[in-house]
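First listed ligand is number 1; within each ligand, the first listed atom is number 1. Source: prediction; values computed, not measured.
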Amino acid sequence: MSFQSSLRCLWAGAALCAGASLWAGEVEVLHYWTSGGEAKSVVELKGMMAQRGHTWRDFTVTGGGGQNAMAVLKQRVLVGNAPAAANIKGPAIQEWAELNVLTSLDAMASFERWDEVLPKVVADQMKYKGRYVAVPVNVHRVNWLWANSAVLKKAGVAALPKTYDEFFAAADKIKAAGFVAVAHGGQDWQDFTVFESVVLGVGGPAFYDKALVKLDRAALNSDEMKKSLEVFRRIKAYTDDKSLGRDWNVTTEMVINGKAGFQFMGDWAKGEFLAAGQTPGKDFTCSAAPGTDKAYTFNVDSFAMFQLKGWEAQKAQGYLAYLLMGKDFQEKFNLRKGSIPVRLGMPMDKFDECAKTSSKDFVATSASGTLVPSVAHGMALSSSQQATMRTVVSEFWNNDKLTVAETLSKLLAVSAPKQK
Ligand code: GAL
């Protein structure tokens with residue numbers, strides 16, 4: 001056995017080098033991937049762990065966007081019963097690492113050269129004080145507009161809207177043809193998902209960065225932000241009145257089934273279209289949300305690894321981390337999840353046109369400085385700032401009596417110096 005493969009055995013639970021069941025352990029994994037497309041993606045991962053004799057225990061907390069999952073995780077960690085891994089993203093990784101409950105993956109990361117195979121912006125988020133404590137599995141693009149091709153055709157919408165003027169003209173036609181123009185769910189993170197795409201489209205990526213990422217007071221109080229709120233509110237008139245509490249995937253189903261024309265959502269929605277047997281470019285389309293085709297809001301799913309007692313558990317956890325960064329997993333998982341591999345240099349030939357566009361645009365926007373973190377999906381702000389922003393925006397969406405001016409001043413109140 002070469003020196004390299006001996007070293008790999010150390011963290012890959014020795015299963016790479018010895019019999020599959022030797023030193024096998026159990027991994028308990030917290031996630032919230034329960035919709036049709038998401039569940040299919042998780043099955044890939046479970047299968048790969050099982051091939052090496054490891055047992056997978058689901059710690060599933062339903063609720064898109066993961067807010068419920070994070071609340072339950074806190075309770076578990078507080079009583080000293082952390083899972084092996086949890087789907088934790090963005091600055092929240094730092095918050096957990098500060099509590100000294102995460103394990104260092106640095107030996108594996110340096111041996112497997114994660115720094116070389118990951119985009120720097122992603123690698124930095126996975127590290128605490130320069131050491132890897134989490135493993136990224138994908139890149140989701142958030143600023144998409146999904147459309148049902150047949151609905152658009154019946155409504156006489158010939159082209160996908162590139163501006164908000166075009167969008168509202170198309171939405172009018174869809175509404176007049178008897179469909180719901182915009183499918184929208186009823187949770188604050190879904191409201192913010194639409195809102196951030198509107199801010200990006202109305203103000204552009206530099207403005208988005210200033211206002212929503214840096215929480216710059218002048219930007220938060222600007223005409224662009226005022227216009228963004230106005231456009232956001234205008235979209236509401238095109239949604240149906242049953243959205244309250246509706247999950248994102250049930251909302252996507254409205255587009256899949258031809259009840260609705262459009263949905264603003266990240267590309268986990270594509271996982272639902274695919275799971276329903278639909279084909280991009282034929283049954284449905286993916287296009288950048290109006291005004292955002294030269295920009296990209298990224299959302300990277302990642303697993304933070306918790307400190308564990310017990311050698312078997314640690315080995316199974318090590319193997320999970322190793323697997324997640326592997327080419328095989330990154331391809332199979334992302335083909336179902338709707339996202340693209342986060343690992344650089346992966347072949348994209350098996351992926352569909354939406355994923356190919358996403359991959360090309362990720363590289364292009366990264367070079368042009370128009371790649372921005374999704375605020376709705378926990379890539380930019382501390383958990384508390386994010387929660388406050390979500391509440392303000394959601395209240396505005398849900399209460400038509402709240403004025404733009406009132407909401408601007410509430411947003412300004414969030415702009416206290418960033419917590420580290
Ligand atoms: C996102 C997450 C995705 C998807 C979505 C709906 O925040 O990154 O993987 O699960 O929420 O739950």
Side-chain angles (χ1 to χ4, degrees), residues 29-45 58-73 85-93 122 125-126 134-144 146 183-197 245-253 255-256 263-275 286 296-304 324 329-330 332-342 354-355 358 362 372-381 383 386-387 389-390 394:
V29 183
L30 171 75
H31 65 90
Y32 43 93
W33 291 334
T34 52
S35 74
E38 291 175 333
K40 282 196 166 182
S41 327
V42 178
V43 163
E44 288 295 337
L45 185 51
D58 263 322
F59 175 9
T60 318
V61 182
T62 48
Q67 280 158 246
N68 301 347
M70 290 306 106
V72 176
L73 178 65
N87 180 1
I88 300 175
K89 308 186 287 180
I93 296 172
V122 176
Q125 283 200 328
M126 301 301 127
V135 194
V137 294
N138 62 5
V139 182
H140 272 302
R141 186 181 200 172
V142 180
N143 58 315
W144 285 116
W146 305 92
H184 185 68
Q187 284 138 6
D188 58 2
W189 71 269
Q190 297 191 59
D191 301 337
F192 211 97
T193 299
V194 180
F195 178 67
E196 71 176 25
S197 280
R246 186 160 59 205
D247 287 326
W248 68 270
N249 51 316
V250 178
T251 311
T252 306
E253 258 169 48
V255 182
I256 293 175
Q263 183 187 14
F264 290 85
M265 190 46 67
D267 44 21
W268 45 94
K270 194 185 74 187
E272 299 307 296
F273 286 99
L274 298 181
C286 55
Y296 191 119
T297 34
F298 69 89
N299 168 24
V300 173
D301 283 313
S302 49
F303 285 92
L324 293 174
F329 167 75
Q330 294 251 336
K332 288 194 173 126
F333 173 81
N334 285 303
L335 279 170
R336 282 157 191 76
K337 187 74 172 70
S339 37
I340 56 170
V342 66
C354 304
S358 174
F362 183 74
V372 287
S374 164
V375 174
H377 295 278
M379 292 288 111
L381 304 179
S383 312
Q386 196 194 323
M389 294 281 277
R390 259 201 319 256
S394 197

*How far is atom 1 (C) of ligand 1 from its nearest protein heavy atom, and which residue and atom name does that atom have?*
H377 ND1, 3.4 Å
*Would you say W268 has any N or O atom under 3.5 Å from an N or O of ligand 1, going by distance alone?*
no
*Examine F273 together with W144 and report whether their ring centres are nearer than 6.0 Å.*
no
*Close aromatic pair by centroid cut-off 6.0 Å: H184 and W248*: no
*Part of N299 within contact of ligand 1 (heavy atoms, under 4.0 Å)*: side chain
*Using distance alone, decide if ligand 1 has a nitrogen or oxygen within less than 3.5 Å of any nitrogen or oxygen in W189.*
no
*For ligand 1, find out whether one of its N or O atoms is nearer than 3.5 Å to an N or O atom of G64.*
no
*asked:* In this structure, is the centre-to-centre distance between the rings of W189 and F195 below 6.0 Å?
replied: no
_Please list the nearest protein heavy atom to atom 10 (O) of ligand 1 with its residue and the distance rounded to 0.1 Å._
E38 OE2, 2.7 Å
*Protein contact of atom 3 (C) of ligand 1 - nearest heavy atom, named by residue and atom, plus distance*: K337 NZ, 3.6 Å
*Among all protein heavy atoms, pick out the one at the shortest distance from atom 12 (O) of ligand 1; state its residue, atom name and that distance to 0.1 Å.*
G65 N, 2.9 Å
_Residue pair E44 / S41, side-chain donor-acceptor N/O under 3.5 Å_ = no
*Interfacing atoms of ligand 1 (cut-off 4.0 Å, heavy-atom, D301)*: 2 (C), 3 (C), 8 (O), 9 (O)
*Are D191 and S394 close enough that a side-chain donor and a side-chain acceptor fall under 3.5 Å?*
yes
*asked:* Testing Q190, K270, E272 one by one against M265 for a side-chain contact (heavy atoms from CB on, under 4.5 Å), which residue passes?
replied: Q190
_Option among L45, V342, L324 that satisfies the side-chain contact (heavy atoms from CB on, under 4.5 Å) test with V137_ = L324
*asked:* Any heavy atom of G66 closer to ligand 1 than 4.0 angstrom?
replied: no
_Would you say Q263 and T251 are linked by a side-chain donor-acceptor pair, where the criterion is simply a distance under 3.5 Å?_
no
*Below 4.0 angstrom from a heavy atom of W248, which ligand 1 atoms are there? Numbered from 1 as shown, please.*
6 (C), 12 (O)
